[in-house]
J.: 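Supplied in structure tokens, the structure appears directly below.
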Amino acid sequence: MKDIDVLNVLKNVIDPDIKKDLVTLKMIENIKINRDKVNFDIKLTTPACPLKEKIKSDCISSFRKYYPNIKPIINFTSEVINYNQKSIVKNIKNIIAVSSGKGGVGKSTISSNLAVGLAKLGAKVGLIDADIFGPSIPTMFNCENQQPQIKKVNNKNIIIPITQYGIKLLSMGLLIPKDKAVIWRGPMASSALKQFILDVEWEELDYLLVDLPPGTSDIHITLTQNFPISGAIIVTTPQKVSVNDVKKSISMFNQKQTKIPILGVIENMSYFSPKELPKNKYYLFGKNGGKDVANKFDLNFIGEIPIDEEIMNSSDNGFPIVLKETNVSEKYIDICKSIARLIVVNNIK
Ligand code: ADP
């Protein structure tokens, strides 16, 4: 058996998301043939690939069909594809905008936990808190008193982000005194955001999440018109009144000049399950509001997060809940996997 025979077998295995075979997608590496054993690596496009087991069993089946006496030994590696190679942010593989129609729906809580979740799955993650009117990321990451350092590179000021729980963080809130937020509206905030993306020692990032202010603002326009955004996530609560606000966010991302792909909708505070009756779900803010919005605008419904005291306590104490192993953390991790998958599928389109 030769390498080409191995590749021919693997040409029959299709990546379920991208719908192309593993060989065409250049996912097979390091083939080593040793009598009746074949070792090879499958390079996934995201460390968060939820379809690993399916891909593995399809490879085994394909060998069984064409070379029943050969035993494949499969190792998984991953590399998030860099679609920004030629852009101004070539070190940042994917920028993800997290947005909401209204304030207080849990956008920052979701952004923090997605950042930690993606990192937990093996990705290199950065998070910008661009919500200057209610910056909460420094509290959620217990770094309110830290200031990002500045260093000079070729006579230019470069910001060194804060690193907390493996995430590289920057918050506009750390730069702006709380009582000055209002006068920071408009051009100042926009130019600060540009600096936060371009003049920062991010090094290599698989995902840079940007926690945007609620609604639509100059900051949204700056982000969407100046940077390649892999996708936007819209956070909402189930209340019907949120729908109209979400609609505005959607039309902003859909504008002809910018046309940012919307990865989908995450519904926060979907229901409440008391500890003593964990199977019971009480839909305090209405049922299926997020799903209905997603259906109405033909968007993916990425997932739902219940109302949970521990989410709030963890955030307040500077420790996003995904750092712990809980049922809610699993929900967040599933959402992270879906997001990583949606980005791959979108990028390949
Ligand atoms: P936003 O960024 O949309 O303004 P935040 O993320 O700051 O909202 O959340 C607002 C408040 O709601 C915070 O106190 C946060 O801890 C709490 N919160 C967010 N999501 C949940 C949830 N699923 N369960 C309980 N409390 C939550």
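Both ligands and their constituent atoms are indexed starting at 1 by order of listing. Starting from 1, each residue takes its place in the sequence as its number.
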J.: Atom 25 (C) of ligand 1: which protein heavy atom is closest, and how many Å away?
T.: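 Protein heavy atom with the smallest distance to atom 25 (C) of ligand 1: Asp308 O, 3.2 Å.
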J.: Drop me the distance from Asp245's CG to Thr236's OG1, to the nearest 0.5 angstrom.
T.: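 Between atom CG of Asp245 and atom OG1 of Thr236 there are 8.0 Å.
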J.: Using distance alone, determine whether Val105 and ligand 1 share an N or O pair under 3.5 Å.
T.: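 There is such a contact, yes.
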J.: Do Phe227 and Leu198 touch side chain to side chain, with heavy atoms closer than 4.5 Å?
T.: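 A side-chain contact under 4.5 Å exists here.
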J.: Heavy-atom distance under 4.5 Å between the side chains of Pro214 and Lys102, does that happen here?
T.: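 Sidechains of Lys102 and Pro214: no contact.
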J.: If the cut-off is 4.0 Å to any non-hydrogen atom of Lys107, which atoms of ligand 1 fall inside it?
T.: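 Checking each atom against Lys107, I get 1 (P), 2 (O), 3 (O), 6 (O), 8 (O).
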J.: Has ligand 1 got any nitrogen or oxygen that is less than 3.5 angstrom from a nitrogen or oxygen of Asp316?
T.: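 So ligand 1 has no N or O lying under 3.5 Å from an N or O of Asp316.
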J.: Between Ser315 and ligand 1, does any nitrogen or oxygen pair lie at a separation below 3.5 Å?
T.: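 N/O-N/O distance under 3.5 Å: no.
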J.: Hey, does Lys102 come in under 3.5 Å of ligand 1, counting only N/O atoms on both sides?
T.: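 In fact, backbone or side chain, Lys102 has no N or O that close.
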J.: Answer yes or no: are there more than 12 heavy-atom neighbours, outside Lys324 itself, under 6.0 Å from its atom NZ?
T.: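 Yes, because the 6.0 Å sphere around NZ of Lys324 holds more than 12 heavy atoms from other groups.
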J.: Yes or no on salt bridge (Lys or Arg N to Asp or Glu O under 4.0 Å) for Lys124 and Asp206, after CA distance, side-chain angles and deciding distance?
T.: CA-CA 5 Å; Lys124 293 184 201 112; Asp206 294 321; 5.0 Å; no
J.: Is there a heavy atom in Ser100 that sits closer than 4.0 Å to ligand 1?
T.: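 So Ser100 does not count as touching ligand 1.
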J.: Scan the protein's non-hydrogen atoms and note whether one is under 4.0 Å from atom 13 (C) of ligand 1.
T.: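 Given the 4.0 Å limit, the answer for atom 13 (C) of ligand 1 is no, no protein heavy atom qualifies.
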J.: The test is side chain to side chain contact (heavy atoms under 4.5 Å, CB included); show your working for Leu169 and Asp129 and say whether it passes.
T.: CA-CA 8 Å; Leu169 296 169; Asp129 177 6; over 6 Å; no
J.: Where do Lys120 and Glu325 land on the salt bridge (Lys or Arg N to Asp or Glu O under 4.0 Å) test, with the steps shown first?
T.: CA-CA 11 Å; Lys120 226 174 160 180; Glu325 307 293 329; 3.2 Å; yes
J.: To which protein heavy atom is atom 4 (O) of ligand 1 closest, and what is the distance rounded to 0.1 Å?
T.: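 Checking every protein heavy atom, the shortest distance to atom 4 (O) of ligand 1 gives Gly104 N, 2.8 Å.
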J.: Under a heavy-atom criterion of less than 4.0 Å, does Pro306 contact ligand 1?
T.: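 The answer is yes, since Pro306 has a heavy atom less than 4.0 Å from ligand 1.
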J.: To which protein heavy atom is atom 27 (C) of ligand 1 closest, and what is the distance rounded to 0.1 Å?
T.: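 Residue, atom and distance for the closest contact: Met269 CE, 4.1 Å.
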J.: I need the contact type for Ile311 against ligand 1. Using non-hydrogen atoms and a strict under-4.0 Å cut-off, is it side chain, backbone, both or neither?
T.: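 Under 4.0 Å from ligand 1, Ile311 contributes side-chain atoms alone.
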J.: Heavy-atom pairs closer than 4.0 Å: do any link ligand 1 to the side chain of Glu267, the backbone, both, or neither?
T.: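 It is neither part, as no heavy atom is under 4.0 Å.
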J.: Out of curiosity, Ile74 CD1 to Phe63 CZ, how far, rounded to the nearest 0.5 Å?
T.: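 If I round to the nearest 0.5 Å, the distance is 7.5 Å.
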J.: Do Val105 and Met269 have side-chain heavy atoms sitting under 4.5 Å apart?
T.: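 Counting from C-beta outward, Val105 and Met269 never come under 4.5 Å.
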J.: Classify the contact between Asn268 and ligand 1 as side chain, backbone, both or neither, using a heavy-atom distance cut-off of under 4.0 Å.
T.: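 Just the side chain.
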J.: I would like to know whether Thr326 and Glu310 meet side chain to side chain contact (heavy atoms under 4.5 Å, CB included); could you show each step before the answer?
T.: CA-CA 10 Å; Thr326 68; Glu310 230 190 310; 4.1 Å; yes
J.: Identify whether the distance between the nearest side-chain nitrogen and carboxylate oxygen of Asp58 and Lys54 falls below 4.0 Å.
T.: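 Counted as a salt bridge, because a side-chain N and a carboxylate O are separated by less than 4.0 Å.
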J.: Can you tell whether the side chains of Lys71 and Asp36 come within less than 4.0 Å, N to carboxylate O?
T.: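 Salt bridge between Lys71 and Asp36, a charged N being under 4.0 Å from a carboxylate O: no.
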J.: If you measure from atom 19 (C) of ligand 1 to every heavy atom of Thr109, Thr139, Val98, which option wins on shortest distance?
T.: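 Among Thr109, Thr139, Val98, the closest heavy atom to atom 19 (C) of ligand 1 comes from Thr109.
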J.: Do me a favour and list the nearest non-hydrogen protein atom to atom 8 (O) of ligand 1 with residue, atom name and distance?
T.: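 Checking every protein heavy atom, the shortest distance to atom 8 (O) of ligand 1 gives Gly106 N, 3.0 Å.
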J.: Quick test of your reading of the structure: of Gly103, Gly101, Ser136, Ser108, whose heavy atom lies closest to atom 2 (O) of ligand 1?
T.: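 Nearest heavy atom to atom 2 (O) of ligand 1 lies in Ser108.
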J.: For atom 26 (N) of ligand 1, which protein heavy atom lies nearest, and how many Å away is it?
T.: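 The closest heavy atom on the protein side is Met312 CB, 3.7 Å.
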J.: Heavy-atom contact check, 4.0 Å cutoff: does Met140 meet ligand 1?
T.: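 Met140: in contact with ligand 1 (<4.0 Å).
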